[in-house]
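In what follows, a single structure is set out as structure tokens and then discussed.
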Protein chains: 2
Amino acid sequence: MPKHYGQACPVAKSLELVGERWTLLLIRDLLGGPRRFQDFHASLPGIAPTLLSERLKVMEEHGVVTRRFYSEHPPRAEYVLTEKGRELGFVIGALASWGARHVHRETSVVSGDCGHEVELRYFCPTCSKRVRGSSVTVRRRRGARKTRRS
Amino acid sequence: MPKHYGQACPVAKSLELVGERWTLLLIRDLLGGPRRFQDFHASLPGIAPTLLSERLKVMEEHGVVTRRFYSEHPPRAEYVLTEKGRELGFVIGALASWGARHVHRETSVVSGDCGHEVELRYFCPTCSKRVRGSSVTVRRRRGARKTRRS
DNA sequence: TGTAGTCACTATATTTTCTGTAGCCATGAG
DNA sequence: CTCATGGCTACAGAAAATATAGTGACTACA
């Protein structure tokens with residue numbers, strides 16, 4: 001979605017960066033470690049190299065991934081998530097969790113430690129308390145006007 | 001993305017349902033309560049009625065929203081999220097949270113109760129313990145083979 | 001009545017984006 | 001030399017999105 005939504009909303013702004021076709025799947029792959037051009041090509045049957053190239057370039061421009069050269073001279077690069085990119089893990093996690101419950105019941109999202117199915121929760125680190133979804137809101141940082149729920 | 005990704009992955013499957021342009025913004029709006037055609041049109045400058053109509057129809061087919069008639073005879077409907085749709089709140093929340101940190105710093109995602117900024121965490125309800133993101137995995141429900149991290 | 005306006009869409013032409021496939025350059029293996 | 005591999009780039013054609021106009025069924029008002 002290279003076109004902008006023209007909204008002062010963090011959801012819309014995020015989607016302008018990662019909401020285009022394929023982008024979140026690339027990030028999903030990158031959460032498993034560095035990936036090369038061919039890795040994506042193998043893991044995502046159907047993505048045209050043109051588009052893969054383009055998506056990686058845009059993600060790099062936005063500071064979501066870094067290109068790391070493991071060979072000069074035939075220039076050979078691999079892509080690594082930045083911290084900013086790694087924090088998209090919750091978006092992928094939320095999609096995976098929802099998908100596993102509602103669309104692709106063959107899978108579930110589990111903890112590698114205990115093996116049980118995990119869920120997402122909102123948490124207030126200041127109060128050390130769980131916050132329920134229905135009371136979570138988007139606010140302006142300095143002023144106080146509420147905008148939208150999520 | 002009406003085209004399928006052709007992957008047995010809950011992230012890919014979720015994106016096939018909600019990953020198209022505008023869809024997640026419609027869901028964001030619907031999390032705030034029932035909405036009518038004109039409400040979307042007002043809140044999303046730029047979405048063509050053709051596309052709005054189409055997106056709503058697809059979401060209805062997938063059981064994410066319900067069409068509720070508040071008038072017969074000029075048939076006038078409003079759209080409401082189903083439980084399945086409401087559970088997408090975490091996807092929106094994750095996008096909002098990431099966006100507020102990295103893209104649209106003017107906003108933050110807060111608890112309506114205490115007013116502090118909230119964060120997302122994985123939680124194992126069986127063990128009643130927090131699970132950190134790096135150990136969260138997607139598994140096949142019956143068999144045991146690991147697939148991907150998130 | 002007649003005129004205007006609202007609401008929920010549908011139709012259509014144009015623009016943009018995505019797909020599919022071919023090709024290029026550098027290197028390494030045989 | 002020839003072929004293969006990796007990391008791309010260059011198109012042409014297909015598909016999707018945008019912008020805008022229009023329809024049908026009313027309601028409100030003069």
Side-chain angles (χ1 to χ4, degrees), chain A residues 1-7 12 15-27 29-30 33-62 65-80, chain B residues 1-7 12 15-30 33-62 65-81:
Chain A
M1 304 157 181
K3 269 280 185 59
H4 290 196
Y5 291 110
Q7 298 203 324
L15 288 172
E16 285 174 10
L17 298 199
V18 300
E20 297 173 88
R21 188 159 158 78
W22 299 110
T23 303
L24 284 169
L25 293 182
L26 297 178
I27 289 163
D29 281 7
L30 285 165
R35 291 286 186 278
R36 301 179 182 178
F37 203 90
Q38 287 302 317
D39 297 330
F40 292 120
H41 204 45
S43 140
L44 303 168
I47 190 173
T50 328
L51 204 54
L52 176 52
S53 181
E54 155 95 14
R55 291 287 187 268
L56 290 168
K57 192 165 60 190
V58 171
M59 284 197 276
E60 196 185 2
E61 280 164 10
H62 291 323
V65 302
T66 318
R67 194 181 300 242
R68 192 168 69 190
F69 286 89
Y70 63 93
S71 147
E72 309 279 341
H73 277 326
R76 292 286 179 270
E78 61 189 2
Y79 298 87
V80 193
Chain B
M1 305 155 180
K3 269 279 186 60
H4 290 195
Y5 290 110
Q7 297 202 324
L15 288 172
E16 285 173 10
L17 298 200
V18 300
E20 297 173 272
R21 188 158 159 77
W22 299 108
T23 303
L24 284 170
L25 292 183
L26 297 179
I27 289 162
R28 174 202 65 185
D29 282 6
L30 286 165
R35 290 288 186 278
R36 301 178 182 179
F37 203 89
Q38 286 303 317
D39 297 330
F40 293 121
H41 205 43
S43 141
L44 303 168
I47 190 174
T50 327
L51 205 53
L52 176 52
S53 180
E54 154 94 16
R55 290 288 186 271
L56 290 168
K57 192 165 60 191
V58 171
M59 284 198 277
E60 195 184 2
E61 279 165 10
H62 291 324
V65 301
T66 318
R67 193 181 299 241
R68 192 168 70 188
F69 286 89
Y70 62 92
S71 147
E72 309 281 339
H73 276 327
R76 292 287 178 270
E78 62 190 1
Y79 297 87
V80 193
L81 284 182

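No experiment lies behind these values; they were computed from the predicted model shown. Residue numbers start from 1 in every chain, and the chains themselves are labelled A, B, ... in the order their sequence lines are given, proteins ahead of strands.
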Please report the distance, rounded to the nearest Å, between [atom1] in [X] and [atom2] in [N].
X	N	atom1	atom2	value
His4(B)	dA15(D)	NE2	C1'	14 Å
Lys57(B)	dA8(C)	NZ	P	17 Å
Ile47(B)	dT20(D)	CD1	C1'	15 Å
Phe69(A)	dT27(C)	CZ	P	14 Å
Arg55(B)	dT18(D)	CZ	P	8 Å
Leu44(B)	dA19(D)	CG	C1'	16 Å
Leu52(A)	dT9(D)	CG	P	10 Å
Glu78(A)	dG7(D)	CD	P	9 Å

Please pick, from [options], the nucleotide with the shortest atom-to-atom distance to any side-chain atom of [X].
X	options	value
Arg21(A)	dT21(C), dC18(C), dT18(D)	dC18(C)
Trp22(B)	dC9(C), dC8(D), dT18(D)	dT18(D)
Ala48(A)	dA17(D), dA21(D), dG20(C)	dG20(C)
Arg67(B)	dC18(C), dC9(C), dC8(D)	dC9(C)

Does Arg55(B) use its side chain to pair, donor to acceptor, with the backbone of Ser53(B) at less than 3.5 Å? no

Whether the side chain of Gln7(A) engages the backbone of Pro45(B) through a donor-acceptor N/O pair (distance < 3.5 Å, no angle test) should be reported. no

Could a donor-acceptor pair under 3.5 angstrom be found where the side chain of Thr50(A) meets the base of dA10(D)?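 By the distance-only test, yes, there is a pair.
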
Could you tell me how the ring of Trp22(A) sits relative to the ring of Tyr5(B): parallel (under 30°), tilted (30 to 60°) or perpendicular (over 60°)? perpendicular

Approximate separation, where rounding is to 0.5 Å, of [X] [atom1] and [Y] [atom2]:
X	Y	atom1	atom2	value
Leu17(B)	Ile27(B)	CG	CD1	9.0 Å
Tyr79(B)	Arg68(B)	OH	CZ	12.5 Å
Leu30(B)	Phe40(B)	CG	CZ	4.0 Å

Is the phosphate of dT10(C) approached by Ser53(B) (side-chain N or O, under 4.0 Å from OP1 or OP2)?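 Result: yes.
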
Ignoring backbone atoms, establish whether Tyr5(A) has a side-chain N or O less than 4.0 Å from OP1 or OP2 of dT18(D).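 Looking at the OP1 and OP2 atoms of dT18(D), neither is under 4.0 Å from any side-chain N or O of Tyr5(A).
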
Between the protein and nucleotides 4-7 of chain C, which nitrogen or oxygen pairs come in under 3.5 angstrom?
residue : atom : partner  : partner atom : Å
dC7(C)  : O2   : Arg76(B) : NH2          : 2.6

List in chain and number order the residues that pass side chain to side chain contact (heavy atoms under 4.5 Å, CB included) with Arg36(A), two or more places apart in sequence or in another chain; answer none if no residue qualifies.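 With sequence neighbours excluded, Arg36(A) shows a side chain to side chain contact (heavy atoms under 4.5 Å, CB included) to Asp39(A), Tyr70(A), Glu78(A), given in chain and number order.
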
Who passes side-chain hydrogen bond (donor to acceptor under 3.5 Å, both in side chains) against Gln38(A), sequence neighbours left out? none

Report which part of the nucleic acid Tyr79(B) touches: base, sugar-phosphate, or nothing (heavy-atom distance under 4.0 Å, all strands).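 If one applies the 4.0 Å heavy-atom cut-off, Tyr79(B) turns out to touch the sugar-phosphate alone, with no base involved.
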
Determine the sole option in Val18(B), Thr66(B), Leu26(B), Leu81(B) for which the side chain to side chain contact (heavy atoms under 4.5 Å, CB included) test with Met59(B) is passed. Leu26(B)

Quick check: are there more than 12 heavy atoms from other residues, nucleotides or ligands sitting under 6.0 Å from NE2 of His41(B)? no

If a pair means Watson-Crick or G-U wobble with both distances below 3.5 Å, what does DNA chain D look like in dot-bracket form, with | marking bases paired to a different strand? ||||||||||||||||||||||||||||||

